Every structure is written in C-alpha cells, then in structure tokens.
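Note that ligands are numbered from 1 as they come in the structure, with each ligand's atoms numbered from 1 the same way. Everything numeric in this text was worked out from a predicted model, so none of it was measured. Keep in mind that the numbers below use all heavy atoms, side chains included, and drop hydrogens, waters and symmetry copies.
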Amino acid sequence: MAKRIDISGLNAYYGSFLAIEDISMTVEPRSVTAFIGPSGCGKSTFLRTLNRMHEVTPGGRVEGKVMLDDEDLYGAGIDPVSVRREIGMVFQRPNPFPTMSVYDNVAAGLRLNGKYKKSELDDVVEKSLKGANLWNEVKDRLNKPGSGLSGGQQQRLCIARAIAVEPKVLLMDEPCSALDPISTLAIEDLIGELKEQFTIVIVTHNMQQAARVSDRTAFFNLAAVGQPGRLIEIDDTERIFANPSVQATEDYISGRFG
Ligand SMILES: Nc1ncnc2c1ncn2[C@@H]1O[C@H](COP(=O)(O)OP(=O)(O)O)[C@@H](O)[C@H]1O
Ligand SMILES: [Mg+2]
C-alpha cells in the first residue's frame with residue numbers, strides 16, 4: 001500500500017541532548033497508529049517532528065527525513081506553516097481559544113487561510129462539528145464561548161477545529177488523559193470514524209486504548225534516563241499485544257516494565 005508518511009533516520013535534539021535516535025517507520029493512509037512506551041522515551045517529541053512543531057522549541061533540531069506522500073517536509077523551501085495545515089495536532093489538555101465562541105474556534109484556521117463568505121464558513125463549521133460528533137450538543141450555543149463547554153466537549157471542539165482545514169493527518173498527544181471515562185469513550189469512537197477520512201497518529205499511555213483504537217502500534221523505549229528514545233518495534237496492533245517480537249515490548253505491555 002502507498003504510505004502516507006515515511007520517516008527515515010530521524011533524530012531530534014533539544015540543544016545538545018539527543019532525545020530520539022534513528023527512527024524509521026511508515027504510516028498508512030486512513031489508519032490509526034498508536035505510539036506507546038514509558039514516560040520520557042520521546043513519544044511527544046517524535047510526534048512533534050512530524051508536523052515541524054519540534055523546531056518551535058528553543059534548541060529544537062531535527063535530522064533525517066519525513067515524507068508526506070511525495071513531499072519532503074524538511075526539504076528546502078517548505079513552509080512549516082503549510083506543513084502544520086496538512087498535519088494537524090490535538091493536545092493533551094483541550095485548548096480552545098478561550099475568548100472565542102464555539103463557532104469562531106472552528107472557523108479560526110480557515111480565516112487564517114484566506115477569505116471565505118459567511119455561508120461558506122457556516123457550512124464548514126457545521127460539517128466539522130458534525131464530523132467531531134459535537135454538533136447536536138452545541139448547535140444552539142454556537143456564539144457562546146468555547147471555554148464554557150465540558151472538558152470532553154472542548155476536546156471534540158479542538159478536533160473540529162483541527163479537521164476544519166481538512167488536513168491529511170491528525171496527530172493526537174494523549175488526547176484523553178485529562179478526560180473522564182465517558183468522554184474518553186466518545187473520543188475513541190470518534191477516532192474510529194475519523195480514520196475513514198484522515199490518517200491518525202495517537203500517543204497514549206493507556207494500553208487498552210491503544211488496543212481498542214489503533215490498527216498499528218509502535219513501541220518506544222529508552223535504555224536509561226538521559227539516553228535517547230528509540231523505536232523498538234512497530235506492527236499490527238493485534239500482533240503487538242498478542243505476540244510481540246521483542247521481549248522489552250512484552251514486558252512493557254504486560255506491566256512488567258521497570
Ligand atoms: N522542551 C524540552 N527541553 C529539553 N528537553 C526536553 C523538552 N521536552 C522534552 N524533553 C526531554 O526529551 C525526552 C523525551 O521527552 P518526551 O518527548 O516528552 O517523552 P514522552 O512524550 O515519551 O514522555 C525526555 O528526556 C525529556 O525530558
Ligand atoms: Mg509525552
């Protein structure tokens with residue numbers, strides 16, 4: 001199958017500290033890939049290299065190659081802002097723009113991209129909120145502040161905001177870790193629906209979540225604190241959980257880690 005993302009020989013640094021080393025993997029379109037591994041092994045760092053957010057951190061530097069379809073994301077002349085439009089991000093803590101209405105939160109990315117008629121914006125806002133399974137809950141309060149929603153609703157609002165600009169890829173960094181169990185299940189259901197249209201990469205510390213939502217799972221580990229994180233193995237999720245190739249993966253998923 002054609003790959004949506006193809007990463008090779010990727011290193012990421014904070015100043016002189018090598019945080020992740022020599023990562024190569026591919027991600028298939030319209031699939032969910034889960035990143036698992038102990039805290040500090042570089043999952044978030046790696047995720048942020050995929051849409052050129054790592055370099056926003058002072059000292060943040062990347063070596064290696066990330067291809068999105070035929071586009072070399074670290075190639076000469078590539079605008080990081082356009083990369084972030086094609087590869088959206090959803091964070092651990094829901095972060096709607098606090099002073100903006102529900103409507104304006106979803107419309108924000110489009111407004112940055114250019115001029116739209118009110119009717120066009122209305123359509124995209126409705127479609128995106130429906131796509132994020134939030135429309136029915138907010139359609140009567142579109143002009144109220146996004147920050148007035150519950151945590152789970154705010155996270156779905158952030159997903160609506162991310163999909164409004166029709167990215168190819170959605171990156172999610174522990175998107176449920178600040179949510180209650182019911183809101184978590186709502187997001188997991190949503191991920192299952194979104195993968196029909198988008199390619200999704202999710203970091204999760206929750207093994208059951210990785211098993212429930214993902215098609216492929218990548219296990220990362222580090223030899224010791226201060227050592228770089230590495231990709232240990234990536235495989236079909238069923239395989240990783242039933243019969244991983246590497247002992248360290250088995251130890252981690254069975255809770256025998258550390
Ligand atoms: N802004 C930063 N500056 C310096 N070091 C960082 C920064 N963010 C993360 N690190 C370090 O990079 C390593 C990987 O961190 P991170 O990507 O957050 O891991 P994970 O998401 O797997 O918990 C850790 O050693 C962490 O301390
Ligand atoms: Mg992290």
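- Within the 4.0 Å heavy-atom shell around ligand 1 one finds Ser39.
- Ion pair Lys117/Asp122 not flagged as a salt bridge, since none of the NZ, NE, NH1 or NH2 atoms sits closer than 4.0 Å to an Asp/Glu carboxylate oxygen.
- Ion pairing between Lys43 and Asp173 fails under the 4.0 Å rule for side-chain N and carboxylate O.
- Salt bridge annotation for Glu166-Arg85: absent, with no cationic side-chain nitrogen under 4.0 angstrom from a carboxylate oxygen.
- When only non-hydrogen protein atoms are considered, atom 10 (N) of ligand 1 lies nearest to Tyr14 CE1, 3.4 Å.
- In this structure, His54 has its ring center no closer than 6.0 Å to that of Phe46.
- Protein heavy atom closest to atom 26 (C) of ligand 1, with residue, atom name and distance, is Phe17 CE2, 4.7 Å.
- Between Phe220 and Phe35, the ring planes lie perpendicular to each other; the angle is over 60°, past the 30° to 60° tilted range.
- Counting backbone and side-chain atoms alike, Ser44 contributes an N/O/S atom closer than 2.8 Å to the Mg ion (ligand 2).
- Ligand 1 places these atoms under 4.0 Å from at least one heavy atom of Ala19: 12 (O).
- Here's the thing with Thr57: none of its N/O atoms is less than 3.5 angstrom from an N/O atom of ligand 1.
- Here Arg30 does not pair with Glu196 in a salt bridge; the nearest charged N to carboxylate O distance is not below 4.0 Å.
- Checking atom 8 (N) of ligand 1 against the protein gives a heavy-atom contact under 4.0 Å.
- Taking any N or O of Arg48, backbone or side chain, none lies under 3.5 Å from an N or O belonging to ligand 1.
- Which parts of ligand 1 touch Thr45 is read off a 4.0 Å heavy-atom cut-off, strictly below it: atoms 14 (C), 15 (O), 16 (P), 17 (O).
- One finds no salt bridge joining Glu193 and Lys195 here, because no Lys/Arg side-chain nitrogen approaches an Asp/Glu carboxylate oxygen to under 4.0 Å.
- For ligand 1, the polar-atom distance check against Gly42 finds a nitrogen or oxygen pair separated by under 3.5 Å.
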